[in-house]
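Notes for the one structure printed next.
Since we're looking at a predicted model, the values are computed, not measured.
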Amino acid sequence: MQPPTTGPGGAGRDDEGGFASPPCLAARIAPDYFDPLAVDAQQARDVARWRKAQREELLARRAALSIAQRQAAAAAIATALDELLAEHLPDIRGRVVAGYWPIRSEPDLRPWLARLHERGAIPALPEVERPASPLVFRPWHPGAAMRRGHWNIPVPANTETVKPDVVLAPLVGWDGSGYRLGYGGGYFDRTLAARRPLAFGTGLQAARLATIYPQPHDIRLAAIVTECGVQYRGRA
């Protein structure tokens with residue numbers, strides 16, 4: 001049996017109106033039925049189409065949130081991130097924590113990065129330096145000079161690069177096995193595969209999926225954090 005193929009109606013829901021569940025009989029099958037190491041070409045195409053439909057629905061729902069809702073979610077995520085950092089990096093001084101410049105209604109965690117800077121950490125932001133390559137990370141602080149990067153996303157104007165101890169990976173969607181659904185460009189997957197940092201996914205609770213149908217290129221995260229707290233912890 002193949003992974004879900006998006007039908008004419010796009011992304012579907014479960015019988016109880018659940019959020020963004022798989023749109024076909026696959027919803028009734030255990031997620032691990034689909035071999036994450038499978039490389040069947042048709043299955044890969046089906047998964048890509050399904051992910052595209054899920055991505056569009058999830059982004060539309062996120063964009064519909066009010067500014068107050070987004071700010072409340074970001075504040076709650078920041079609190080959970082503080083707890084995770086206390087577990088993994090009790091002394092944050094001199095450690096590099098890479099966040100991201102918020103786009104497309106993402107939770108804005110720049111205030112949290114600014115607080116880390118005040119505590120002696122080195123915040124950083126990612127940049128697409130070359131197409132289809134791992135991201136590079138440049139140090140950032142509140143008030144730092146910025147310029148427009150790939151897709152017009154602001155990036156630090158400096159040319160220095162740093163190696164993050166922790167990377168925040170923005171989530172369009174996520175599942176309970178620690179996998180993320182991103183924007184489809186593959187940049188974070190390449191980065192996590194090449195750099196192997198401690199990676200925390202950050203996103204909304206409502207973006208949870210039963211599975212993302214992980215493919216060979218998908219990298220499991222160390223943790224997933226939403227406004228409801230830590231939702232996934234990888235094995236130590």
Check: [Y] main-chain N/O paired with [X] side-chain donor or acceptor under 3.5 Å:
{"X": "Asp175", "Y": "Ile212", "answer": "yes"}
{"X": "Arg110", "Y": "Pro142", "answer": "no"}
{"X": "Arg138", "Y": "Thr159", "answer": "yes"}

Out of curiosity, [X] [atom1] to [Y] [atom2], how far, rounded to the nearest 0.5 Å?
{"X": "Arg62", "Y": "Arg104", "atom1": "CZ", "atom2": "CZ", "value": "7.5 Å"}
{"X": "Thr191", "Y": "Ile219", "atom1": "OG1", "atom2": "CD1", "value": "10.5 Å"}
{"X": "Lys163", "Y": "Ile122", "atom1": "NZ", "atom2": "CD1", "value": "14.0 Å"}
{"X": "Ile103", "Y": "Asp108", "atom1": "CD1", "atom2": "CG", "value": "12.0 Å"}
{"X": "Leu125", "Y": "Ile153", "atom1": "CG", "atom2": "CD1", "value": "10.5 Å"}
{"X": "Arg220", "Y": "Asp218", "atom1": "CZ", "atom2": "CG", "value": "10.5 Å"}

Treating Ile, Leu, Val, Met, Phe, Trp and Tyr as nodes and any side-chain heavy-atom pair under 4.5 angstrom as an edge, say whether [X] and [Y] lie in one connected cluster.
{"X": "Val172", "Y": "Phe188", "answer": "yes"}
{"X": "Val225", "Y": "Leu109", "answer": "yes"}
{"X": "Leu65", "Y": "Ile67", "answer": "no"}
{"X": "Val166", "Y": "Val162", "answer": "yes"}

Inset, instruction - Start with the C-alpha distance between Leu192 and Arg196, add both sets of side-chain angles, then the distance that settles side chain to side chain contact (heavy atoms under 4.5 Å, CB included), and finish with yes or no. - result: CA-CA 5 Å; Leu192 299 182; Arg196 295 291 176 179; over 6 Å; no

Can [X] and [Y] be counted as an ion pair, charged N to O under 4.0 angstrom?
{"X": "Asp46", "Y": "Arg51", "result": "no"}
{"X": "Glu227", "Y": "Arg70", "result": "no"}
{"X": "Arg147", "Y": "Glu127", "result": "yes"}

Inset, instruction - Start with the C-alpha distance between Trp174 and Gln205, add both sets of side-chain angles, then the distance that settles side chain to side chain contact (heavy atoms under 4.5 Å, CB included), and finish with yes or no. - result: CA-CA 9 Å; Trp174 57 279; Gln205 185 69 25; 4.0 Å; yes

Inset, instruction - Might you work through the side chain to side chain contact (heavy atoms under 4.5 Å, CB included) test for Leu209 and Gln54, ending with a clear yes or no? - result: CA-CA 9 Å; Leu209 302 164; Gln54 293 294 307; 3.1 Å; yes

So do the side chains of [X] and [Y] get within less than 4.5 Å of each other, counting heavy atoms only?
{"X": "Gln215", "Y": "Val47", "value": "yes"}
{"X": "Ser133", "Y": "Arg190", "value": "no"}
{"X": "Leu198", "Y": "Asp165", "value": "no"}
{"X": "Ile224", "Y": "Phe200", "value": "no"}
{"X": "Thr211", "Y": "Tyr179", "value": "no"}
{"X": "Ile92", "Y": "Val97", "value": "yes"}
{"X": "Leu221", "Y": "Arg180", "value": "yes"}
{"X": "Tyr213", "Y": "Leu181", "value": "no"}

Legend entry - From Tyr187, Tyr183, Trp101, residue fulfilling ring pair (Phe, Tyr, Trp, His ring centres under 6.0 Å) relative to Trp151: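 Answer after filtering Tyr187, Tyr183, Trp101: Tyr187.
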
Of all heavy-atom pairs between [X] and [Y], which one has the smallest distance, and what is that distance?
{"X": "Ala124", "Y": "Val96", "answer": "CB-CG1, 4.0 Å"}
{"X": "Ser105", "Y": "Ala63", "answer": "OG-CA, 3.5 Å"}
{"X": "Pro126", "Y": "Val155", "answer": "O-CG1, 3.7 Å"}

For a quick test of your reading: what N or O donor-acceptor pairs under 3.5 Å do the side chains of residues 83-91 make, sequence neighbours left out?
from: Glu87; atom 1: OE2; to: Arg233; atom 2: NH2; distance (Å): 2.9
from: Asp91; atom 1: OD1; to: Arg93; atom 2: N; distance (Å): 3.2
from: Asp91; atom 1: OD1; to: Arg93; atom 2: NE; distance (Å): 2.9
from: Asp91; atom 1: OD2; to: Arg93; atom 2: NH2; distance (Å): 3.0

Only pairs under 3.5 Å count here: list side-chain donor-acceptor contacts from residues 72-81, not counting sequence neighbours, and write none if there are none.
from: Thr79; atom 1: OG1; to: Ala75; atom 2: O; distance (Å): 3.2

Inset, instruction - Would you sort out whether Leu135 and Arg195 count as a side chain to side chain contact (heavy atoms under 4.5 Å, CB included), showing the intermediate values? - result: CA-CA 9 Å; Leu135 298 163; Arg195 317 280 193 227; over 6 Å; no

Inset, instruction - Provide the full list of ring pair (Phe, Tyr, Trp, His ring centres under 6.0 Å) pairs with a residue in residues 119-147, sequence neighbours left out, each pair given once. - result: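 Output for this query lists His117-His141.
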
